Amino acid sequence: MTKYNHLKIEKKWQKLWSKKGVFKVKEDAVKPKYYVLDMFPYPSGAGLHVGHPKGYIATDVVARMKQMQGFNVLHPMGWDAFGLPAENYAIQNKIHPAEAVKKNVATFKKQLELLGFTYDWDKEINTTDPAYYKWTQWIFLQMFKKGLAYESFAPINWCPSCQTGLANEDLEEGKCERCGSLVEQKPIRQWVLKITDYAERLLNDLDKLKNWPEAIKEMQKNWIGRSEGADVDFKIKNFDLKIKVFTTRPDTLFGATYCVIAPEHELMSKLQPEIGNWQEVSIYIEGAKHKTALERTDLAKNKTGIELKGIKAINPVNNEELTVFVADYILAGYGTGAIMAVPAHDSRDYEFAVKYGIPIKEVVVPVGENQKLNIKNQNDNSKLKNENNELKSKVQSSKPQIIFEKDGIAVNSGFLDGLPTKEAKEKMIKWLEDNKFGERKVNYKLRDWVFSRQRFWGEPIPLIKCEKCGWVPVSENDLPVELPKVKSYTATGTGESPLSAIEKWVNTKCPKCSGPAKRETNTMPQWGGSCWYYLRYIDSQNDKALVDKDKEKYWSPVDFYVGGAEHATRHLIYARFWHKFLFDIDAVNYDEPFNRLQNVGLILAEDGRKMSKRWGNVINPDDVVKQYGADAMRVYEMFMGPFNQPCAWNANGLIGAKRFLDKVWFLQDKVDKKLVVSGKIDSLVHQTIKKVTDDIETMRFNTAIAKMMELVNEMNKETVISVSNFKFLISILSPFAPHICEELWAELGGKELLILSLWPKYDEKSVMAETTVIVIQVNGRVRDNIEFQTADISEEVAKEAALSSESVKKYINGTEIKKIIYVKNKLLNIVI
RNA sequence: GCCGCGAUGGCGGAAUUGGUAGACGCACAGGACUUAAAAUCCUGCGGCUUCGGUCGUGUGGGUUCGAUUCCCACUCGCGGCACCA
C-alpha cells in the first residue's frame, strides 16, 4: 500500500466536496434541520493561530455527524468586521478600514479552507457589507420608534486612547477592554439602548435555557444583578426637599444612623443654599468627578466623605434627626444615588461610621440571641457613640456580634421587634406604603447600553436632527445610510465622530419637513452587527425583510452555539436582548435565539501563556497542516482534553494524532473481503460506534477518540479484519478526520462519497460482551477476578464461584462471614 | 470581599445515580529491525516492598461492607464581578 500522503489527499477531497456541492444548504423543509453555529470571527490583521479553529473543528465534527444522520444542516461562517481594531489596524497601516477588512477576510478564508470545513460559502456574511448593515440600522430604527433608543448627556466611560465612549460591558477593571487605557468619566452626547426594560425577562428566561452552561447563566444573573427592596423617603428638616434612598434591608430602618448622597446627585445643587460648609463640599464634589473608575475602586478601602453642615434628614419610623454626608462610595447610577446607612449591618457603612465617629445601632441579632440581649437606649446617641470602640473590637476580634448583610431577628426596632428578617422586611414595606414614606422596589445592576461610538468604522446611526422636528428617523426606504468615502477617518477626540467633519454627508434634508437638517455622526459599537447575524445566515440575500419568517420558523432557534466564555456578559446578553425585541415586534418566531450553548476552552501556547505576537509563541495552523495535515490537527485539537477547558499546545501530542491516522491508513492492508465475522472485534466495534455517537452529541471528543484508538489497537493485533468493521471505523472517524476517511472509503470501492453515506447504527446485542468478569472483594479489597462465559450472573452463582476461589479462601481462612454484597454482573464483596 | 468552577502518575487526561483508580495519548526506559540513524513494531512504566503485600485521587475529619465520587471544615489554583446599598 502506498504511503499516507496528507497533502495530496486533503486537497483532492476538498476540491471534490466543493465540486459536488455536498455542503450546499438545501431548503428542504421535509427533513429535520440542525443549525450549528460558531461565534463568527473578527478578521484581524494577524491571521488565525491554532487556537481559533478549535471551536470550528468541534462544530464541524457535529455538523458532519448530523449530516450523515440525515439532518438538513446549516453550518455557516462569516465576518464580524466593524469596530475599533479594524480601524486602528487601518490607521497604523495607512489603508482604508474597508481595504483592511477585505484583505484580512481573504487571509482568514484561505486559512479556514485548508481545514476541510463543511461551510456553505454561499451563506457567507459580512457585517460591514451595506446590504447587511442596512438591517442592523433597520433594527435600530424599530427600537428608536418604540422608545428604546434615547439620547443621553450623562457622564459615561470615555477611553482617552480610543477616543470614544464605551459601555460598562466594555470595561475590564476600570480599563478599556481593547487598549488597556484608564477610562475616565466624561459627559458625552450619546445614544443609549434601554436594555433595562428587558432586565426582568433576560433574567427570568435564563431558566428556559436548560442547555446552557450554568457558569454562563450565573454570570448573566450577576451582571443583571436584580435586588429587591424598597425606596424610602427621608424628609429634610426645615426644607421642602426629601432624600429618596433605595435599600434591600428596609427591616433595618430603625438602625439607620446617617444618610449619604452621591457627589453627582442632582439634589446637591438644590441643597446648596442650606449647606453651611458648601465650599468644602464643592471641592469634594469636584474632586470626585475627576476620579477614574479605577481610582474609585482603589479607594474602596479608605472611604471619604464630607458632612453636610446644616442638613438633617428625618428617619420616618422614629423621627430621629440623621446627619447627611456626601461621599463617593455611593454611586449616582445605582438605586436612587443616595442611601440610608445602617453601620451595624452593612460593612461599608460600618467602616465609614467608625472613621467619622457616627453611632452604630444594632437592630438585627442572630436567631436565638434576641432573648438574651439587653435592650439598649435607642435615643441616647452619645451612649451609642461610646460603644463604638467596644463594638469595633467585638467585630474585629473573635466572633463578631454584629452581623453584616445577614438575616436574623429584629431588635430595637419598635413594631418589628422579634420578627425574623424576611417578615420584618415585609412588615416595614407595608408600613412605608401605608404611611406614604416609600414603596416596594426592584433594582438592577444592569445599565442601559451606551450604543454610540465617536469613531468612523461602524454602522452610521440612521437618525437626522432637524431644527424644527428634532430627531427624525431616516426613512426605511433610504436605508442603508452608507459610510461616506473619506480620506481621513482618524478620531477627532472632541467627542464627535470623524464623520462630523464631512459636511457633504452631514448636511441633509429633514425626512419629515424637508427643512435643513444634519445626520447623526456617531456610529454603532462593534456588538451591533453581531446581535442578529445568526438570523442573516438563514436568509442571507433578503432585501425586503430582516428575515423571511417561514425560513426563520424552520431554522430557528440555533440548535447548537459554540464560542468563548468571554462573551457571557456582552454578545450573549446583547443578542438575547435584540432577539427578544425582534420577537416583540413580530419579526421572529421564538423568544430565545440559542437553544444550546457550549464554551470552547482556550488553547494556550506551549509555555502556558496565551498565544500572542507579543510573546512570540504563536503557532500558525498553515504550518501544522502542511507538516502533519488538517486531519491530524483536527484529531489532535479534539483529543487534547475536555473541550471546554483551557489546554496548552503540545507538538508531541500532535505527532501522536498523526501516528494514530497512520495506523488507520495501514489497517486497510488487513481488510479481507471474504471475512464476515471477526469474533470479539465485532463487539468492540459496536461499543465504539455507541460511544463515539454519544460523545459527539455531548461534546466529549477526547474520549470518543480514545475509544477509537483502543479499537484500532485491537484491530492491529488481528491478522485480518472484515470490510464492514473497517467501514464502521472510518465512518465514525470521518467527522474528525474527513479527508483520510474519504480516501480509504474510496479505496474500498465506495461508489458514493462517505459524507453522503449513512451514519452507522450500533447493534444492541453486539455491544454486550460475551463474557462477564466479576470482581471479588474481601472487606472491600480486591482479591480475585472471576470470568464467566455468560452475560448474566445470578448472586448464587457468583457467591459459589467466589467462595471456591483459592485466593479468596486464603483471606477468609475459616472466619465467620458477616455479610455478602452483590452488585449485579460487577462485584461481590465478602465482609468478614 | 462576593459568586462560580476546579485540584487524579513525569505531563495532557480517563473513570462519579458510591463498586477493580490511572483508559487513551505524550514523555521515558529496555528490546527487535538497520552498517547506522529516523520511522515502525514488541515490552515495561504511581510510591514503597522482605514480592506475601501495603500506601496512594490537594489537606484534616465524617458517613459506608466499600469514597476520586456523598457530608463538614480548610488550603491552593482558575474564571467572573467588584463600594450595586
Side-chain angles (χ1 to χ4, degrees), chain A residues 3 168 171-174 213-223 225-227 229 245-249 252 260 262 293 296-303 327-331 333-342 345-349 351-352 404-405 443-447 565-566 568-569 599 602 635-636 639-642 644-657 659-660 662-663 666 700 702-713 716 773-785 810 818-824 826-832:
Chain A
K3 227 188 129 208
N168 275 1
L171 304 192
E172 256 172 27
E173 295 177 340
E214 285 305 318
I216 299 289
K217 289 199 275 185
E218 204 56 41
M219 276 190 229
Q220 293 209 350
K221 256 180 216 170
N222 291 341
W223 191 261
R226 182 181 196 273
S227 45
V245 308
F246 171 70
T247 177
T248 53
R249 294 295 300 270
T252 62
V260 192
R296 272 177 89 126
T297 316
D298 273 355
L299 291 168
K301 285 164 208 138
N302 188 15
K303 297 180 181 25
D328 63 4
Y329 82 94
I330 300 310
L331 307 173
Y334 184 77
T336 60
I339 62 152
M340 66 176 209
V342 185
H345 306 294
D346 181 288
S347 51
R348 295 151 303 179
D349 297 346
E351 208 181 301
F352 192 82
F404 290 140
E405 293 114 21
N443 253 303
Y444 299 93
K445 282 200 244 181
L446 185 72
R447 297 278 74 112
E566 68 273 18
T569 54
N599 294 125
L602 210 62
V635 168
Y636 171 59
F639 184 63
M640 288 175 91
N644 59 357
Q645 271 173 45
C647 193
W649 184 262
N650 180 336
N652 283 321
L654 184 62
I655 293 169
R659 255 182 224 158
F660 166 61
D662 275 332
K663 277 188 203 170
F666 286 110
R700 286 150 34 125
N702 53 334
T703 51
I705 291 169
K707 190 74 185 174
M708 287 189 281
M709 286 173 165
E710 223 179 304
L711 174 63
V712 167
N713 289 343
N716 240 330
V773 177
I774 292 187
V775 174
I776 312 299
Q777 296 183 330
V778 177
N779 279 353
R781 290 178 187 278
V782 179
R783 298 304 181 189
D784 202 1
N785 287 301
K810 203 166 63 188
K818 285 185 186 157
K819 205 181 192 182
I820 291 182
I821 290 133
Y822 181 59
V823 181
K824 199 164 163 64
K826 268 190 180 166
L827 174 142
L828 188 92
N829 189 11
I830 301 166
V831 186
I832 56 171

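A quick note: this is a predicted structure, and the numbers were derived from the prediction, not measured. Numbers restart at 1 for each chain; the letters A, B, ... are given by sequence-line order, proteins then strands.
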Trainee: Looking only at the side chain of A/Glu218 (C-beta and beyond, no hydrogens), which of the listed nucleotides B/G25, B/A85, B/C3 gets closest?
Mentor: B/C3

Trainee: Who is the Watson-Crick or G-U wobble partner of B/G46, with both distances under 3.5 Å?
Mentor: B/C55

Trainee: Between P on B/G13 and NZ on A/Lys707, what's the gap in Å once rounded to a whole number?
Mentor: 21 Å

Trainee: Looking at every heavy atom in both A/Ala262 and A/Leu331, which two are closest together, and how far apart are they?
Mentor: CB-C, 4.0 Å

Trainee: Are any of A/Ser347's side-chain N or O atoms less than 4.0 Å away from OP1 or OP2 of B/C83?
Mentor: no

Trainee: Between B/G13 and B/C33, how far apart are the two P atoms, rounded to whole Å?
Mentor: 39 Å

Trainee: Go through B/G13, B/C26, B/A82 for me and flag the one nearest to the A/Asn650 side chain.
Mentor: B/C26

Trainee: With rounding to the closest Å, how many angstrom separate the C1' atoms on B/A23 and B/U16?
Mentor: 15 Å

Trainee: Would you classify A/Arg783 as touching base, sugar-phosphate or nothing, given that sugar-phosphate means primed atoms plus P, OP1 and OP2, and contacts are heavy atoms under 4.0 Å?
Mentor: sugar-phosphate

Trainee: Can you check the distance between B/U68 and B/U8, where both ends of the measurement are the C1' atom (answer in whole Å)?
Mentor: 7 Å

Trainee: On a heavy-atom basis, which atom in A/Ile330 and which in A/Gly337 lie closest, and how many Å separate them?
Mentor: CG2-O, 3.5 Å

Trainee: For B/U34, which nucleotide is its Watson-Crick or G-U wobble mate, given both distances must be under 3.5 Å?
Mentor: none

Trainee: Could you tell me whether the side chain of A/Trp649 reaches within less than 4.5 Å of the side chain of A/Tyr636, counting heavy atoms only?
Mentor: yes

Trainee: How should the glycosidic conformation of B/G61 be described, syn or anti, under the criterion that syn lies within 90° of 0?
Mentor: anti

Trainee: OP1, OP2 of B/G19 versus side-chain N and O of A/Asn829: anything below 4.0 Å?
Mentor: no

Trainee: Taking all non-hydrogen atoms of both residues into account, name the closest pair between A/Val831 and A/Ile821 and its distance.
Mentor: CG2-CD1, 4.2 Å

Trainee: Output the single nucleotide from B/C81, B/A85, B/G19 whose closest atom is nearest the side chain of A/Tyr334.
Mentor: B/A85

Trainee: Should A/Asn716 be listed as having a side-chain N or O under 4.0 Å from OP1 or OP2 of B/C41?
Mentor: no

Trainee: Expressed in whole Å, how much space separates the C1' atoms belonging to B/U20 and B/C26?
Mentor: 25 Å

Trainee: Go through the steps for A/Met709 and A/Phe639 under the test side-chain contact (heavy atoms from CB on, under 4.5 Å), then give the verdict.
Mentor: CA-CA 11 Å; A/Met709 286 173 165; A/Phe639 184 63; 3.8 Å; yes

Trainee: Could you check which of B/G4, B/A85, B/C24 has an atom nearest any side-chain atom of A/Thr247?
Mentor: B/A85

Trainee: Would you mind reading off the distance between A/Asn599 atom CG and B/G80 atom P, rounded to a whole angstrom?
Mentor: 12 Å

Trainee: Rounding to an integer number of angstrom, what distance separates B/A67 and B/C5 when you compare their P atoms?
Mentor: 25 Å

Trainee: Categorize A/Gly656 for me: base, sugar-phosphate, or nothing, with a 4.0 angstrom heavy-atom threshold over every strand shown.
Mentor: sugar-phosphate

Trainee: Measure from the side chain of A/Ala706, starting at C-beta and using heavy atoms only, and say which of B/C24, B/C81, B/G19 lies closest.
Mentor: B/C24

Trainee: Once you round it to whole Å, what is the distance between P of B/G79 and CG of A/Asn644?
Mentor: 15 Å

Trainee: So what does A/Val782 touch, heavy atoms closer than 4.0 Å: a base, only the sugar-phosphate, or nothing?
Mentor: sugar-phosphate

Trainee: Please give the distance between the P atoms of B/A7 and B/C71 as a whole number of Å.
Mentor: 15 Å

Trainee: Does B/C83 have OP1 or OP2 sitting under 4.0 Å from an N or O in the side chain of A/Lys303?
Mentor: no

Trainee: Paired with B/C83 by Watson-Crick or G-U wobble geometry, both distances under 3.5 Å: which nucleotide is it?
Mentor: none

Trainee: Take atom CG of A/Asn652 and atom P of B/C24, then tell me their distance rounded to the nearest Å.
Mentor: 19 Å

Trainee: What closest approach, in Å, do A/Val635 and A/Ala657 show between heavy atoms, and which atom pair accounts for it?
Mentor: CG1-CB, 3.9 Å

Trainee: Closer to the 5' end of RNA chain B via nearest nucleotide, is it A/Glu710 or A/Arg700?
Mentor: A/Arg700

Trainee: For side-chain contact (heavy atoms from CB on, under 4.5 Å), just list the numbers for A/Phe352 and A/Asp346, CA-CA rounded to whole Å, side-chain angles, deciding distance to a tenth of an Å, and then say yes or no.
Mentor: CA-CA 10 Å; A/Phe352 192 82; A/Asp346 181 288; over 6 Å; no

Trainee: Side chain of A/Thr703, heavy atoms from C-beta onward: which of B/A14, B/C3, B/C24 has the nearest atom to it?
Mentor: B/A14

Trainee: Pick the C1' atom in B/G44 and in B/U57, then give their distance to the nearest Å.
Mentor: 23 Å

Trainee: Taking the nucleotide of RNA chain B with the nearest heavy atom to each, does A/Asn702 or A/Lys826 sit closer to the 5' end?
Mentor: A/Asn702

Trainee: Is there a donor-acceptor pair under 3.5 Å between the side chain of A/Asp349 and the backbone N or O of A/Val342?
Mentor: yes

Trainee: Nearest-Å distance, OH (A/Tyr636) to C1' (B/G12)?
Mentor: 8 Å

Trainee: Only pairs with both distances under 3.5 Å count, Watson-Crick or wobble alike; so what is the partner of B/C11 in this structure?
Mentor: B/G25

Trainee: Side chain to side chain donor-acceptor pair (under 3.5 Å) between A/Asn713 and A/Lys663: does it pass, once the steps are laid out?
Mentor: CA-CA 8 Å; A/Asn713 289 343; A/Lys663 277 188 203 170; 3.3 Å; yes

Trainee: Starting at CE of A/Met640 and ending at P of B/C11, how long is that distance when rounded to a whole Å?
Mentor: 17 Å

Trainee: Ignoring backbone atoms, test whether A/Asn779 places a side-chain nitrogen or oxygen under 4.0 Å from the OP1 or OP2 oxygen of B/C65.
Mentor: no

Trainee: Can a side chain N or O of A/Arg659 be found less than 4.0 Å away from OP1 or OP2 on B/U40?
Mentor: yes

Trainee: So what does A/Glu214 hit on the nucleic acid, given a heavy-atom distance under 4.0 Å: a base, only sugar-phosphate, or nothing?
Mentor: nothing

Trainee: Using the purine O4'-C1'-N9-C4 or pyrimidine O4'-C1'-N1-C2 torsion, is B/G47 syn (within 90° of 0) or anti?
Mentor: anti

Trainee: Among the candidates B/U20, B/C65, B/C81, find the nucleotide nearest to the side-chain atoms of A/Trp223.
Mentor: B/C81

Trainee: Give A/Lys663 one of three labels, base, sugar-phosphate or nothing, depending on what nucleic acid heavy atoms sit under 4.0 Å from its own.
Mentor: sugar-phosphate

Trainee: Tell me the interatomic distance from A/Asn713, atom CG, to B/G25, atom C1', rounded to whole angstroms.
Mentor: 10 Å

Trainee: Could you work out the separation of B/C48 and B/G56 based on their P atoms and round it to a whole Å?
Mentor: 15 Å

Trainee: B/G52 phosphate, OP1 or OP2: any side-chain N/O from A/Arg781 under 4.0 angstrom?
Mentor: no

Trainee: Tell me which nucleotide among B/C83, B/U20, B/G12 gets nearest to the side chain of A/Cys647.
Mentor: B/G12

Trainee: What's the CG-P distance between A/Asn222 and B/C3, to the nearest Å?
Mentor: 10 Å

